[in-house]
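The structure presented is a predicted model; accordingly, all values stated were derived computationally and were not measured. Letters go in sequence order (proteins before strands), and every chain restarts at 1. FYI, side chains are in, hydrogens and waters are out, and symmetry mates aren't considered; it's all heavy atoms of this structure.
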Protein chains: 2
Amino acid sequence: MKNDTADAKPPSDTLKDRTLDTLQQMIVMGDMAPGSKVLETSVATSLGISRATLREAMNRLVEVGLLVNLPFRGTYVRKLDRVDLTEIYSLRAGLEKIAFQMCWDKRNLVNLAELEFRNEVLCDKISENDPYGAISSELHLHSWCYELSGHGLLLQSWERLKPNLQFYFAMHQKAHGRGGPLRQSHDDYIRLAKGDDLEAMLAHLDDHMRQGLAKTLEMTDW
Amino acid sequence: MKNDTADAKPPSDTLKDRTLDTLQQMIVMGDMAPGSKVLETSVATSLGISRATLREAMNRLVEVGLLVNLPFRGTYVRKLDRVDLTEIYSLRAGLEKIAFQMCWDKRNLVNLAELEFRNEVLCDKISENDPYGAISSELHLHSWCYELSGHGLLLQSWERLKPNLQFYFAMHQKAHGRGGPLRQSHDDYIRLAKGDDLEAMLAHLDDHMRQGLAKTLEMTDW
DNA sequence: GCGAGTCATATTGTCGACAATTTATAATTA
DNA sequence: TAATTATAAATTGTCGACAATATGACTCGC
């Protein structure tokens, strides 16, 4: 573990990538209203960069799904609805199932300790009633599982999916000021990880996902 | 079904997108050697377009995984190895499992007929000993399942994964001149789709993926 | 007053040029 | 000669400007 204070990865050295991070953060933090148009000229000048550079960054955010591009008509901040969230969760369940299966044989003392540590961090955030921190910790915990799986393509898929979850949470956090202590602790995962029943673990994963989806849908019952 | 002669989707109206299709086709068809550097200037002039436009297209191919970019050092045609193929297949299995589950309730006469038709096309290609056609038909058949599932995000994930498979096949087809009649017919799928045992279908899917991976690995045993 | 057509404006798509960085080549030194 | 540094060439990153398209205002005819 090299950095503990935040999920700060070393910012990429090219301006395009830095811009990408900036934009993604802005969207995910709710600084850009969903559905609003992203005017290339104004954003570019506001960031002090050229349009070409901005466009390259925006193109990737379109790939991730945070932006939507209509040729010749502009690029808009994605509006995630309940259907989108349902799709996100069902895909996520599929991905994590693969990850868990690949991690299963790697269970050992150090990994379980790491898992418990990350769970404690999450629980702290929950008890501190820090929704952003809780979500961040939760996603971070799962990211760690993907990394542990050693499945590069899987990790990449998750990294593409993750911002959508952050976005959805922040979107409603900002809109309704709620969605606070919705993240569940991962005690059950730890208990199952200590056992020998992979099927039970996968079943619990499905449950966890279903509940996460349900709670999120309920929370955002506008 | 609007177009039957080929998997020709209407080319996007923007030059960037047309370039994207062109480049992807070139790579997937094996016209660019894996590991070789993609010189922006020469490719751009060769295609008669500007570098900026080419870069936008290339960026997306980096996202898909067909290209690899090293900042300030250039972009290279991806080299897919056995590990990559294994990852691709395991992810694919996960994705298709979701798709099949979502398609399960949509089984009816017209969909089964469509499935049988597409299987026949595939079998024809196999018996004609047309490897490219067989692979294209196989992937097309599966794409149809993803579309039927109605899961937009899932389809998108598949569309990102698919070119990698095409690439890998073509890569070794070109290199070794073999890999011909390796695609299996989908008779078993059809049989199971007519039945009522979803679990059996999913198990067969796992088998099918495992066999596909094994055959492909064996075929590319350089 | 309302719709079709025309024109001006705003915005995106594309291009060529310059700056930053890397890679290749030549000169230098131990 | 081999390693190292300095220099030149090639390549990528970034920028500002022009072209193509869409959006909105306006006119005209009914």
Are B:Thr14 and C:dT14 close enough that a side-chain N or O sits under 4.0 Å from OP1 or OP2?
yes
Report yes if at least one side-chain N or O of B:Thr53 is closer than 4.0 Å to OP1 or OP2 of C:dC15; otherwise report no.
yes
Among A:Gln156, A:Gln101, A:Met102, the one residue meeting side-chain contact (heavy atoms from CB on, under 4.5 Å) with A:His151:
A:Met102
All N/O contacts under 3.5 Å from nucleotides 17-21 of chain D to the protein, with atom names and distances to one decimal?
none

Under a 4.0 Å threshold between the charged nitrogen and the carboxylate oxygen, would B:Asp84 count as salt-bridged to B:Lys79?
no
Counting just side-chain N and O atoms, does A:Thr75 come under 4.0 Å of either OP1 or OP2 of C:dT12?
no
Answer yes or no: is there an ion pair linking A:Glu96 with A:Arg92, defined by an N-O contact shorter than 4.0 Å?
yes
Per the ring pair (Phe, Tyr, Trp, His ring centres under 6.0 Å) rule, what does the pair list look like for residues 73-103 of chain B, sequence neighbours excluded?
B:Phe100-B:Tyr189
Electrostatic pair B:Glu218:B:Lys215 at N-O distance under 4.0 angstrom:
no
When you check the phosphate oxygens OP1 and OP2 of D:dC15, does a side-chain N or O of A:Ser50 lie under 4.0 Å from one of them?
yes
From the list C:dT11, D:dT11, D:dT23, which nucleotide is the closest neighbour of the side chain of B:Leu39?
D:dT11
Taking only side-chain nitrogens and oxygens of B:Arg55, does any of them come within less than 4.0 Å of OP1 or OP2 of D:dG13?
yes
Tell me whether B:Arg107 forms a cation-pi arrangement with B:Trp104, defined as NZ or CZ under 6.0 Å from the six-membered ring centre and within 45 degrees of its axis.
yes
